[in-house]
Amino acid sequence: MAEIKKKAKRKLYFRILKKIMKIRYKKPRFVYLGEPFENGALILSNHEGTDSPMSLEIYCDKPVRMWGAHEMNSGLVSLYKYQTKIYFHEKKHWNIHLARLFCLIASPLTNLFYAGFDLISTYKDVRLIKTLRESIDSLKSGDNVVIFPENSTNGYLSELEGFHEGFVLLADACKKKGMDLLIYVSYFRKSDRTYIFDAPIMYSDLCATYKNRTEIARYLCSRCNELGKMQFDKHGKPIKAKNECKKRKPA
C-alpha cells in the first residue's frame, strides 16, 4: 500500500517557473465522477499538446510523476531534435523549417523546464524495463503515475484514435508484485478548461472483464472519449443526454 504523501516536491527554480507559467495555463475545473485519487494510483489522460501535463503539474494538489519520451529527458541536443521533428512537425503539423527556427529559442527554455518535471523516461526498446521499475518504485513511495497513452500519429485530436498498451505492461508488472493498481481514466477538455476524472477501476476488474491488453486499451480509450463529451452543471454533476441508456462496464 502506498504511503500517504503530499504534493510532489519540486526544486525552487521550478516552483518559480510554474508561477510564471500560470499566465499561459489557467487553472482548470477539476471534476471527479468518483473518489478523487490520493496516492499510488495510475492516471491515464489525453495529451492535448502541453495543456494536459502542464495543468496537472501546476494545479494538481496530489503527488504525480509523468511518463515522458526519453528524448525530453536526455539533454538539450536530444530534446531539440525531438521537439523539431516529432512534436512540432509530426504531431503539431508545423513546417519543419519553422519548427527548427522556433526551437533554437524554445528548446533551451523547455530543457530547463523538463529538468524540474522529474519525468519517468520511456523507451521503445528493452530499456522499457527501466521505465517499469522506476514507475513501480514511484507508486510504492506514494506518487501517482500519469501516462498519456493516446496514439498521436495524426496529431493530438479531440477524439482519440487509440491507446498504446504500455500502461497495461506497467499494470501487469505491478500485478506480479502483488499490487492491484487503481486506474483513473481522465480527459482534459481545452475548450472550457475542464479536467474530468472517471471513477477508479481496479486492474483486476479489467482483467476479469476483457480478454487481453488490446481489449483493455480499446475500452479505456473509448471511455476517455466518452468523458470528453460529457457536460456538467455548476456543481460538477453530469448532465445526462436524453439518449444515454447504456451502462458502462465493468460493473
Side-chain angles (χ1 to χ4, degrees), residues 7-25 42-60 63-156 164-167 169-170 173 188:
K7 189 172 182 177
K9 293 182 179 179
R10 299 291 190 249
K11 293 181 179 179
L12 178 60
Y13 86 88
F14 188 64
R15 297 200 300 271
I16 295 173
L17 275 178
K18 288 200 295 184
K19 289 182 182 297
I20 296 173
M21 294 302 289
K22 287 183 178 181
I23 298 173
R24 159 64 175 84
Y25 299 96
L42 174 60
I43 300 167
L44 307 178
S45 176
N46 66 319
H47 208 292
E48 194 60 67
T50 59
D51 286 83
S52 295
M54 288 302 302
S55 294
L56 272 180
E57 175 61 33
I58 294 174
Y59 296 107
C60 179
V64 295
R65 287 197 70 191
M66 304 179 191
W67 277 21
H70 71 91
E71 294 92 341
M72 300 191 303
N73 216 21
S74 304
L76 180 56
V77 174
S78 177
L79 174 62
Y80 176 81
K81 292 179 179 178
Y82 177 82
Q83 281 194 303
T84 53
K85 185 176 185 297
I86 305 298
Y87 182 74
F88 284 108
H89 180 57
E90 295 183 5
K91 297 185 183 296
K92 302 286 283 185
H93 308 302
W94 283 31
N95 175 278
I96 186 63
H97 302 294
L98 177 60
R100 287 170 179 164
L101 182 62
F102 177 75
C103 287
L104 288 174
I105 299 172
S107 291
L109 298 175
T110 306
N111 186 56
L112 180 65
F113 202 84
Y114 279 139
F117 240 111
D118 196 22
L119 293 174
I120 298 175
S121 296
T122 61
Y123 304 88
K124 297 180 180 180
D125 52 32
V126 70
R127 290 175 294 175
L128 181 61
I129 295 174
K130 179 180 177 182
T131 303
L132 299 180
R133 287 175 179 168
E134 188 173 355
S135 299
I136 291 172
D137 288 342
S138 293
L139 289 164
K140 287 181 176 178
S141 72
D143 287 314
N144 296 287
V145 172
V146 182
I147 299 177
F148 304 93
E150 71 179 275
N151 181 348
S152 56
T153 302
N154 296 317
Y156 298 119
H164 294 297
E165 299 172 16
F167 72 91
L169 294 177
L170 173 58
F188 178 77

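A donor-acceptor pair is defined here as one N or O able to donate and one able to accept, closer than 3.5 Å; no such pair exists between the side chain of Tyr59 and the backbone of Met54. Between the side chain of Asp143 and the backbone N or O of Val145 there is no donor-acceptor pair closer than 3.5 Å. Within the 3.5 Å criterion, the main-chain N or O of Val64 finds no donor-acceptor partner in the side chain of Asn144. Checked by atom type and distance alone, the side chain of Ser55 never pairs as donor or acceptor with a backbone atom of Ser52 at under 3.5 Å.
Contact of the Leu98 side chain with the Phe88 side chain is not registered, since no non-hydrogen atoms from C-beta on lie closer than 4.5 Å. Side chains of Phe148 and Met66 form a contact here, defined as non-hydrogen atoms less than 4.5 Å apart. Phe14 has its side chain within reach of Phe117: a pair of non-hydrogen atoms, C-beta onward, lies under 4.5 Å apart. Looking only at side-chain heavy atoms (C-beta outward), Arg100 and Asn95 stay at 4.5 Å or farther from each other. Contact of the Ile136 side chain with the Lys140 side chain is registered, since non-hydrogen atoms from C-beta on lie closer than 4.5 Å. Counting heavy atoms from C-beta outward, Arg10 and Glu57 have side chains that approach closer than 4.5 Å. Residues Tyr80 and Leu104 meet the side-chain proximity criterion, which asks for heavy atoms closer than 4.5 Å.
Relative ring orientation between Tyr156 and His47 is described as parallel, the plane-to-plane angle staying below 30° on a 0-90° scale split at 30° and 60°.
Exactly one residue among Ile120, Leu139, Leu119 makes a side chain to side chain contact (heavy atoms under 4.5 Å, CB included) with Arg65. That residue is Ile120.
The side chain to side chain contact (heavy atoms under 4.5 Å, CB included) check on His89 picks up Ile96, with sequence neighbours excluded.
The heavy-atom pair separating Ile147 from Leu170 by the smallest distance is CD1-CD2, 4.1 Å. When all heavy atoms of Asn154 and His93 are compared, the pair lying nearest together is O-NE2, 3.3 Å. In plain terms, the two heavy atoms of Ser141 and Ser138 that are nearest each other are OG-O, 2.8 Å.
To the nearest 0.5 Å, the span separating NZ on Lys18 from CD1 on Ile58 amounts to 7.0 Å.
In this structure, a donor-acceptor pair under 3.5 Å is present between the side chains of Trp67 and Ser135.
Atom CZ of Arg133 has 12 or fewer heavy atoms from other residues, nucleotides or ligands within 6.0 Å.
Electrostatic pairing of Lys81 and Glu71 does not count as a salt bridge here, judged by no charged N lying under 4.0 Å from a carboxylate O.
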